[in-house]
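In what follows, a single structure is set out as structure tokens and then discussed.
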Amino acid sequence: MKSYDHKKIEKKWQERWDTESAYRAEDDSSKPKDYLLIEFPYPSGDGLHVGHVRSYTAMDVIARKRRAQGRNVLYPIGWDAFGLPTENYALKTGKDPRIVTKENSDNFRRQIKSLGLSFDWSREINTTDPSYYKWTQWIFLQLYKKGLAYKAKTLINWCPKDKIGLANEEVIDGKCERCGTLVVKREKEQWMMAITKYAQRLYDDLDLVDYIERAKTQQRNWIGPSEGAEIEFAIKDSKEKIKVFTTRPDTLYGATYLVLAPEHRIIATLCASQTCTNRTEVDGYVKSALNLAEIERTIEGKEKTGVELKGVKAINPASKEEIPIYVADYVLGGYGTGAIMAVPAHDERDYAFAKKFNIPMKRVIEPIFRDSPTSPAKPDLPMEKRDAVCVIVRDPADNAYLCIQWKGDDHMHGLVTGGIEAGEDLVEAAKREVAEETGYKNLRRSRDSDFAVHSLFFHRKKMINRWARFRYVFLELENEERNLVDEKEAALHEVVWKRRDELNNFFSVIEGEFILNFIDNPDYIYTGEGILANSGEFDGLDSQDAKKKITKFVGGKIVTTFKLRDWVFSRQRYWGEPIPMIYCEKDGWVAVPEDQLPVLLPEVEKYQPTDTGESPLANIHEWVNTICPTCGGSAKRETDVMPNWAGSSWYYLRYTDPSNDKEFAAQENLKYWLTPASPSRSSKSEGGVDWYNGGMEHTVLHLLYSRFWHKFLFDQGLVPTPEPYMKRTSHGLILAEDGSKMSKSKGNTVSPDVLVENVGADALRLYEMFLGPFDQPVSWNSNGVVGMRRFLERVADLAVNDETKLEPALETLLHQTIKKVTEDIENLKLNTALSSLMILLNECEKTDSISTEVHETFLKLLAPFAPHLTHELWEQSGHDTELRLEPWPVADERKLKGTTAHIAIQINGKTRGEMEAPIDADKTVVENLAREAVAKYLEGKTVSRVIVVPNRLVNFVLTDTNS
RNA sequence: GCCGGAGUGGCGGAAUGGUAUACGCGAACGACUCAAAAUCGUUUGUCGAAAGGCGUGAGGGUUCGAGUCCCUCCUCCGGCACCA
């Protein structure tokens, strides 16, 4: 048989598995279980392409293998119909999204079944089913009852052209995804989820789970905790206070103004006060700032804008100085307290703003350099402090800098430096040092700079430890006139002029890099930590110490702030679970009673959003108008619906009990599927879906939202584990052949249907797995599929003979392959698992026929990858059992090693020969064999050392005799 | 800018600090064929006639031995970004 009939074989087996519901998992607590999950497919009307299939196939391989290992595997599939693609597709085609959803899921079901994936179809769920709506709404109500769902005014992304609110994922580069119009912010009252209350736990508990590092990092960045202090600034002649958040309370003395975000509530109050003189101007600024298109507001390098609240002053609580208050959009309303203390000397943004508005700056932090690499301080000697000056002398004639090169062993390279005498003027001291060390006498100050730097080092000439506080003076050479340098000085060092580019590698002092920074950049400001100055009683402390002390001094509070914001849960569209809330004039917001759930979407003529920005549901009066559950009076339903994330936040729970009408899932089912099979490794870290695989695009928001809901349900005692997913992996995208992303709009998709038709599902599955490392993106190459087809044909052609005896060499390889395939599948190294199967096949083909034992083992190992053909071959070789029910092969440890080892022989690490030696032979035996094999290289040489790595190599190290 | 990840033949890629390029694709040659396709066999990093050099983004280091570990740099990809 040169070619097998994949269509016939695949049809036969797919029918058999479908009718028997072959892969149904049991809620049987006596069996060890595995709960494998993949993310919903995203039905968008475009159908699956080969990129979608990769994840399903990989998890299918794992599921099949684990079933064969006797585990009860739950590998469910469902349909998330809330994806934006569905709605956009429906809008584009004018179809009812519910019909689109139905068509899509039918199509996807057909496509997925054609691949022979072993999903448990008995647990299929669809998040648009009324029964699913019901429990999503029920969970919402639990959150509402605990105060975690609340209504608040927020700014939403607003597309001025389409007149609709946009979800974050519909905004690309600040523009509306559909029409490209710049998005603006608009205030709207929306339902919110207090996810920030869980921020710390969502952050900390990442340590309990086994996610790919990338996913963890992204979660951490998104939650973005930062430690700092909240400090209150009093307002002059007012009882109002402004609370700011800062990570640098050590710079408080340098805070020369405050900035409020345009959204800040206090602006209105302050404007209304008697003293404020530019109320209208401020009003105008706030309005325009809030209306600014998002992209304009965040554009890089955008000139800072803002307006001063004239006539209103704040008091710096540390220095007691009066400082101005500004409103500026470079401060974000949603982060921290929406107000900052601006320290222009130590923050680049504040500096840029202060420069534009001519606000004075005050340096309060001086960098410190310890542990000089060339001359570190000696810990046993005392430290001597000194005020010193470091002079940057530039010769404008040839743009060169005056440098000092010390004579002697250490070759110190630096600038002119020296001590400042008591009472001496800084610039005078600088000029004096230049004159003493170099003789130049006509200099003028060229730049106003009062940088100071602390440097700790061992002074070799004076044999003392020195803590020098260098102050920097910029001088310019007026002319070349110079005096003779004192002989003693001249003996110590010489004077050299260095061009700017020569300075890069010139300085040997540790602060060299730092000096170059502010030579190059007159606007250089230091944003790091250091030693405090100009800070009253805190002068001389280091930043770390000062942070705590200054915060305490001004009555501030150490707090952790998060980047994470509360979750905007409302959507103004047709498509989504209605938020089950009713508004009554008398009773306010009232929850829909649980026995009235689910609240379903009404039939509508048009499901396009309305012009007013309200949900299309707002126009359906018979649906909106209802009765208040509390007072029985007339009331209105909430017309906002939930985001697509809602249903997908808990779907893994529903799979455990998909048709339950009494609760979202029975506790015993949750307990069985979520708690680990072997409660051993660590204490509370375990539990949740055993293995969750999905695309990288869902590792931030979806993962975060579902973790939040899960933690909430855990707190209510409704789920048994604190985390929803134990292990999370992510597949790399499959890119088009040119390396670009596959998408229908680009027309570069490759449909699995075509490949299933032409080469069969098995060959396609194999190639999906063989393409490359599972977690990395790979480019699709249609030529590669034929290799997999060839491989399968050769498998089908294997000659099997009962009489054939198992050769020892083949037996060794067989067991090595069992081990390799078993391990590689668990580690998702499916490409190398397959390659080892190919190696085994290559070896099998070298003999006339193989034994039944080899053949059967081979089929078992290949079965998870290519289920159809392997099952067929199994049946053809006379078995009346099904291959998938056969136990997984186990490698015999004793047979993993052959009788001989192939050993490399190296001379000085270079391979010079190779040989066969008995396995695990004695070192001296191997060494002697190796000596014979490379005798010609060893002749006349002295072997100083021999390294023998058992069963791998022998390395002779020769001493270098007159080579 | 910050945080991740990755740079290996013509291509996808393999390699617990131990013979770099397994496995597959492609290509060349040969066999079969009237012929082509398919299939089978051989070859396939590079320089060299050979011996032997040289080779895993660049440069250093550790080591008997480095694709792998350490330092510096370059390039590409992904995420975040006025987060105080």
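Throughout, a chain's letter reflects where its sequence line sits, starting with A, and its residues are numbered from 1. Just the heavy atoms: all of them, side chains too, but no hydrogens, waters or symmetry mates, feed the values below.
Nucleotide B/A22 forms a pair with no other nucleotide shown, judged by Watson-Crick or G-U wobble geometry with both contacts under 3.5 Å. In a base pair of the Watson-Crick type (N1 to N3 plus N6-O4 or O6-N4) or a G-U wobble (N1-O2 and O6-N3), with each distance short of 3.5 Å, B/C40 is matched with B/G30. In this entry B/G67 has no Watson-Crick or G-U wobble partner, no candidate having both defining distances under 3.5 Å. Base pairing analysis places B/U75 opposite B/A6; the two distances defining the Watson-Crick or G-U wobble pair are each below 3.5 Å. Using N1 to N3 plus N6-O4 or O6-N4 for Watson-Crick, or N1-O2 and O6-N3 for G-U wobble, each under 3.5 Å, B/C54 pairs with B/G45. Remark: B/A81 base-pairs with no nucleotide; criterion is Watson-Crick or G-U wobble with both hydrogen-bond distances under 3.5 Å.
Within the 4.0 angstrom heavy-atom criterion, base atoms lie near A/Arg565. Counting non-hydrogen atoms under 4.0 angstrom, A/Asp775 reaches nothing in the nucleic acid. Looking at heavy-atom distances under 4.0 Å, A/Met341 makes no contact with the nucleic acid at all. Residue A/Asn955 is classed as a base contact, given a heavy-atom separation below 4.0 Å to a base. Counting any heavy atom pair closer than 4.0 Å across all strands shown, A/Glu213 reaches no nucleic acid atom. Nucleic acid contact for A/Asp350: none, since no nucleic acid atom lies under 4.0 Å from a heavy atom of the residue. Among the heavy atoms of the strands lying under 4.0 Å from A/Ile947 is at least one base atom, whether or not backbone atoms are also near. Residue contacts shown for A/Arg790 are limited to sugar-phosphate atoms, with no base heavy atom under 4.0 Å away. Residue contacts for A/Lys820: at a heavy-atom cut-off of 4.0 Å it reaches no nucleic acid atom on any strand shown. Across all strands, A/Ile340 comes closer than 4.0 Å to base atoms (heavy-atom distances). When heavy atoms are screened at a 4.0 angstrom cut-off, A/Val949 is found touching base atoms of the nucleic acid. Using a 4.0 Å heavy-atom distance criterion, A/Gly336 is classed as making no nucleic acid contact.
Between the CH2 atom of A/Trp222 and the C1' atom of B/G4 there is a distance of 16 Å, rounded to whole Å. In this entry the distance linking CZ of A/Phe774 with C1' of B/G5 reads 17 Å, nearest Å. A/Glu348 places its CD atom 12 Å from the C1' atom of B/C2, with the value rounded to the nearest Å. When rounded to the nearest whole Å, the span between CG of A/Leu766 and C1' of B/G12 equals 15 Å. Per the geometry, CG belonging to A/Asn951 stands 13 Å off P belonging to B/U19, to the nearest Å. The distance between atom CZ of A/Arg765 and atom P of B/G24, rounded to the nearest whole Å, is 21 Å. Computed from coordinates, the A/Asn842 CG to B/U42 P distance equals 11 Å when rounded to whole Å. Between the C1' atom of B/C25 and the CE atom of A/Met788 lies a distance of 8 Å, rounded to the nearest Å.
The side chain of A/Thr247 lies closest to B/A84, out of B/C80, B/A84, B/A14. For A/Val786, the listed nucleotide lying nearest its side chain is B/G26; candidates were B/A84, B/U19, B/G26. Between B/U19, B/A84, B/C3, one nucleotide has an atom nearer to the side chain of A/Glu914 than all others, and that is B/U19. Picking from B/A84, B/G13, B/G53 the nucleotide with the shortest atom distance to the side chain of A/Arg912 gives B/G53. The side chain of A/Arg214 approaches B/G78 more closely than any other nucleotide in the set B/G78, B/A84, B/A15. Checking B/U19, B/C82, B/G24 against every side-chain atom of A/Arg794, the shortest atom distance belongs to B/G24. With distances taken from any side-chain atom of A/Tyr335 to the nucleotides B/G24, B/A84, B/C80, the minimum falls on B/A84. With B/G12, B/U19, B/G4 as the candidates, the nucleotide lying closest to the side chain of A/Thr217 is B/G4. Picking from B/G79, B/A14, B/A20 the nucleotide with the shortest atom distance to the side chain of A/Thr911 gives B/A20.
Within 6.0 Å of NZ in A/Lys356 there are more than 12 heavy atoms belonging to other residues, nucleotides or ligands.
Taking atom P in both B/U44 and B/A37, one finds a spacing of 24 Å when rounded to whole Å. Spacing of P atoms, B/G13 relative to B/G53, comes out at 33 Å, to the nearest Å. Here, B/A14 and B/U8 have their C1' atoms 10 Å apart, quoted to the whole Å. Between the P atoms of B/C70 and B/U21, the separation comes to 25 Å (whole Å). B/C23 and B/A35: their C1' atoms are spaced 34 Å apart (whole Å).
In the interface, the side chain of A/Lys304 is paired with the base of B/C82 through a donor and an acceptor atom under 3.5 Å apart.
Comparing A/Phe956 and A/Gly784, the nucleotide of RNA chain B nearest to each residue sits closer to the 5' end for A/Gly784. Across the interface with RNA chain B, nearest-nucleotide mapping of A/Gly338 and A/Lys910 shows A/Lys910 to be the residue nearer the 5′ end.
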Verdict with reasoning, A/Phe353 to A/Tyr326, per ring pair (Phe, Tyr, Trp, His ring centres under 6.0 Å) = CA-CA 10 Å; A/Phe353 189 83; A/Tyr326 285 79; 5.3 Å; yes

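Taking 4.5 Å as the limit, some side-chain heavy atom of A/Asp350 sits within range of a side-chain heavy atom of A/Tyr257.
To the nearest 0.5 angstrom, A/Leu260 atom CG is 4.5 Å from A/Ile242 atom CD1.
In summary, A/Lys923 and A/Glu927 do not engage in a salt bridge, as defined by a charged side-chain N under 4.0 Å from a carboxylate O. Taking the charged nitrogens against the carboxylate oxygens, A/Glu768 and A/Arg765 have no contact shorter than 4.0 Å, which rules out a salt bridge. Of the charged side-chain nitrogens involved, at least one lies within less than 4.0 Å of a carboxylate oxygen, so that A/Arg728 and A/Glu39 count as a salt-bridged pair.
A/Asn842 and A/Arg794 are linked by a side-chain donor-acceptor pair at a separation below 3.5 angstrom, with hydrogens and angles left out of the test. Looking only at atom types and distance, the side chain of A/Thr699 has no donor-acceptor partner in the side chain of A/Tyr211 under 3.5 Å away.
Within the structure, every side-chain polar atom (N or O) of A/Ser779 is placed at least 4.0 Å from both OP1 and OP2 of B/C11. For A/Lys829, a side-chain nitrogen or oxygen approaches OP1 or OP2 of B/A15 to under 4.0 Å. Put simply, A/Arg952 has a side-chain N or O that comes within less than 4.0 Å of OP1 or OP2 on B/U19.
Here B/G67 is in the anti range [glycosidic angle more than 90° from 0].
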